[in-house]
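In what follows, chains are A, B, ... by sequence order, proteins preceding strands, each numbered from 1.
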Protein chains: 2
Amino acid sequence: MKSEDIARLAGVSRSTVSRVINNYPNVPEETRAKVLKIIEEYNYEPNTSARILAGKSNNTIGLFVISISENDGPSKIYQSAYYSTFINTVVDAANTVGYYVLVHTIYSGKDYAKISQSFMQKRISGGILVGNEKDSDAIKKIAKLGYPIGIVDYDVREIEKNKLNNSGVIVVNSADFEGTVEALNHLIKLGHRDIGIITGRMGTYSGKERYRAYEYVLKENGIEVKPEFILKGEFLKKNAYDEVKKLIHSKKLPTALFACNDDMAIAAMEVFMDEGIRVPEDISIIGFDNIPMASHVKPALSTVKVPVYDMVTRATEALINNIEHGTKTFSNFTYPVEFINRDTCAPRRTDK
Amino acid sequence: MKSEDIARLAGVSRSTVSRVINNYPNVPEETRAKVLKIIEEYNYEPNTSARILAGKSNNTIGLFVISISENDGPSKIYQSAYYSTFINTVVDAANTVGYYVLVHTIYSGKDYAKISQSFMQKRISGGILVGNEKDSDAIKKIAKLGYPIGIVDYDVREIEKNKLNNSGVIVVNSADFEGTVEALNHLIKLGHRDIGIITGRMGTYSGKERYRAYEYVLKENGIEVKPEFILKGEFLKKNAYDEVKKLIHSKKLPTALFACNDDMAIAAMEVFMDEGIRVPEDISIIGFDNIPMASHVKPALSTVKVPVYDMVTRATEALINNIEHGTKTFSNFTYPVEFINRDTCAPRRTDK
DNA sequence: CTGAAAGCGCTTACAG
DNA sequence: CTGAAAGCGCTTACAG
């Protein structure tokens with residue numbers, strides 16, 4: 001069944017069928033009804049490729065989930081509680097306004113080619129990029145291509161530096177610095193001065209910002225940054241396990257620990273509790289993200305809530321807006337975060 | 001940049017360019033190299049719509065995540081720990097063999113139209129369906145269309161009943177009945193006879209099977225099925241909360257509770273512990289799925305492990321295989337499950 | 001081995 | 001208001 005068949009059946013030309021499908025105003029109601037009836041009757045749907053080739057928009061965006069240097073094997077990205085909501089949110093936001101979403105995972109440097117390819121093959125009209133890139137050059141290169149893209153968690157200064165101001169790039173971030181400051185100030189107020197950190201991936205903006213805030217707060221309070229209290233977590237549970245174990249067997253423990261995400265905070269809690277170190281009595285812990293599990297662990301994890309749903313929805317909507325309006329100016333959204341005080345923080349013990 | 005430009009630049013015809021791109025054997029190495037060089041140099045990528053329209057496969061499958069009667073609002077499907085791994089698994093399995101994945105969410109009955117539309121518009125060559133449908137008629141109708149589809153969690157008997165044996169439908173299930181029997185037998189062995197169940201959604205195959213196994217095991221052991229011990233959970237945490245609270249305030253508690261998924265089991269644990277009822281000392285609990293959180297809650301949840309990754313990978317691979325071979329026969333895979341005994345089961349107390 | 005040509009199924013100026 | 005025709009960018013028999 002093609003438009004020609006519909007035309008014949010309805011006693012009109014292909015042009016008219018096309019006009020009806022595309023809601024042209026200059027079709028009399030009677031003709032329109034006649035054509036529509038045949039379309040309904042035969043359940044006709046126009047061929048997408050033909051429409052696109054003839055000039056219609058493809059109404060499709062790509063979602064590229066970048067996950068380089070994650071663990072291999074069947075688990076891959078699925079472990080991360082953070083990314084799992086991502087895809088659904090993009091799909092919903094896009095579907096709502098009639099867009100389709102092509103999802104890709106990027107596990108290696110050469111997979112990056114998939115992004116520009118998808119654009120050049122005209123599969124997609126825009127792209128959302130999310131994830132931890134080792135080599136941010138790849139993203140830079142893609143942005144320079146000039147296609148509409150939205151990047152979540154990216155350093156805005158890269159835009160200026162690379163003269164991407166007229167690129168139509170959208171950057172959406174959370175207030176990582178401020179959130180970390182708030183969390184750490186809470187620990188300071190409880191009397192803690194030996195505060196450790198489990199860092200995220202330093203190649204990411206959020207990872208860098210959270211660490212920068214850590215140094216900032218400590219300095220503001222006249223506290224020395226001790227290398228032995230800096231655990232390299234890379235946002236990964238496994239690393240947090242290993243690092244915390246090492247910490248426990250070293251000579252001195254901090255009285256509080258800030259983890260750059262909840263996954264690592266929860267891993268730390270488990271190690272401590274297995275080793276008979278009580279949370280929060282012996283050590284206070286704060287995470288970041290507020291993943292669903294955060295409120296379910298015992299004790300419930302104090303953390304910084306990131307509005308992932310809002311951020312991703314905004315990125316998607318702004319992207320589609322840019323596509324439809326051909327916008328070529330950079331835009332940037334930063335979402336506030338919120339410290340949620342649950343049960344993993346206690347005043348510093350004065351008896352030790 | 002189009003194939004004509006490449007042809008001109010390379011000093012050949014569009015036909016030859018096309019032959020090079022499509023790896024036709026009858027192109028001399030020298031010509032091929034010449035054309036390839038220009039393609040590289042100009043970063044040319046053929047227009048996908050044009051290729052498809054000219055007869056190439058679209059190499060795209062659709063993933064339809066059906067989530068009817070779930071909660072509304074921003075949370076929607078994201079809550080379910082079960083579906084989050086689903087999408088990534090399909091995308092990976094498809095990407096690995098050069099396929100693209102178009103993801104859709106289906107929240108209402110009329111969204112079902114998206115599935116057949118995607119096929120008829122030639123956007124996709126196959127589809128994976130997963131989720132809880134209220135009205136299985138929709139799936140039946142789609143299967144009848146004859147397009148290659150893979151359904152996860154579906155009653156195989158529906159295939160025969162609807163004469164879908166020559167439809168190329170793929171059904172992938174887990175051994176829900178057997179897994180439930182194994183879990184319940186464990187409770188029986190521990191001496192329990194007052195065993196409750198928090199049911200799943202009865203419109204799903206897995207929900208039905210797990211309940212059927214419950215009735216089966218009880219009858220096998222001469223235990224009466226008591227309506228007051230059947231909690232309607234619908235696979236939803238929220239329902240489990242409410243139902244368990246109601247149960248606690250009724251006159252008699254079971255000594256063991258089987259939940260049709262981990263989400264509900266964990267919700268039940270929380271309610272019990274909040275009310276001072278100890279798990280497993282006062283009540284034993286078993287879940288289903290083995291979501292990541294199952295091993296993290298305290299006490300660690302005993303559950304039945306479902307090989308979601310394997311199931312979904314298989315469904316995707318089998319689907320693509322059917323697409324490429326034009327297979328028109330029904331196929332069916334059932335994956336074994338495994339009871340994992342953690343810390344939420346204890347012998348029935350004899351002192352009460 | 002290779003080019004000219006038809007065709008894929010649409011959309012949209014163009015002319016009437 | 002409407003049809004005939006060109007064109008979108010490819011692929012692939014066809015003929016040589």
query: Above 12 or not: heavy atoms from other molecules or residues under 6.0 Å from NZ of K37(B)?
result: no
Margin query: For the backbone of R14(B) and the side chain of S18(B), can you confirm whether one donor and one acceptor N or O come within less than 3.5 Å of each other?
Written below: no
Taking every heavy atom of N95(B) against every heavy atom of H104(A), the minimum-distance pair comes out as OD1-ND1, 3.5 Å
With both pairing distances under 3.5 angstrom for Watson-Crick or G-U wobble, and | for a partner in another strand, the correct string for DNA chain D is |||.||||||||.|||
**Message:** Using modelled atom types and a 3.5 Å cut-off, is there a donor and acceptor pairing between side-chain atoms of K56(A) and backbone atoms of T48(A)?
**Reply:** no
Is there a donor-acceptor pair closer than 3.5 Å between any side-chain N or O of N165(B) and the backbone N or O of E160(B)? no
Touch check for T31(A), heavy atoms < 4.0 angstrom, all strands: base, sugar-phosphate only, or nothing?
-> sugar-phosphate
To the nearest 0.5 Å, atom OH of Y147(A) lies from atom OG of S167(A) at 14.0 Å
Scan nucleotides 9-12 of chain C against the protein and return all N/O pairs shorter than 3.5 Å with their distances rounded to 0.1 Å.
residue: dG9(C); atom: OP2; partner: K2(A); partner atom: NZ; Å: 3.1
residue: dG9(C); atom: N2; partner: A50(A); partner atom: O; Å: 3.3
residue: dC10(C); atom: OP1; partner: Y44(A); partner atom: OH; Å: 2.8
residue: dC10(C); atom: OP1; partner: N47(A); partner atom: N; Å: 3.4
residue: dC10(C); atom: OP2; partner: S3(A); partner atom: N; Å: 2.7
residue: dC10(C); atom: OP2; partner: S3(A); partner atom: OG; Å: 3.1
residue: dC10(C); atom: O5'; partner: Y44(A); partner atom: OH; Å: 3.0
residue: dC10(C); atom: N4; partner: R14(A); partner atom: NH2; Å: 2.3
residue: dT11(C); atom: OP1; partner: N22(A); partner atom: ND2; Å: 3.0
residue: dT11(C); atom: OP1; partner: R51(A); partner atom: NE; Å: 2.8
residue: dT11(C); atom: OP1; partner: R51(A); partner atom: NH2; Å: 3.1
residue: dT11(C); atom: OP2; partner: S18(A); partner atom: OG; Å: 2.5
residue: dT11(C); atom: O5'; partner: S18(A); partner atom: OG; Å: 3.4
residue: dT12(C); atom: OP2; partner: Y24(A); partner atom: OH; Å: 2.6
residue: dT12(C); atom: O4; partner: S15(A); partner atom: OG; Å: 3.4

Expected output: side-chain D92(B) to main-chain T89(B) donor-acceptor under 3.5 Å: no
Distance col, row I21(A):CD1 vs L36(A):CG, nearest 0.5 angstrom, shows 9.0 Å
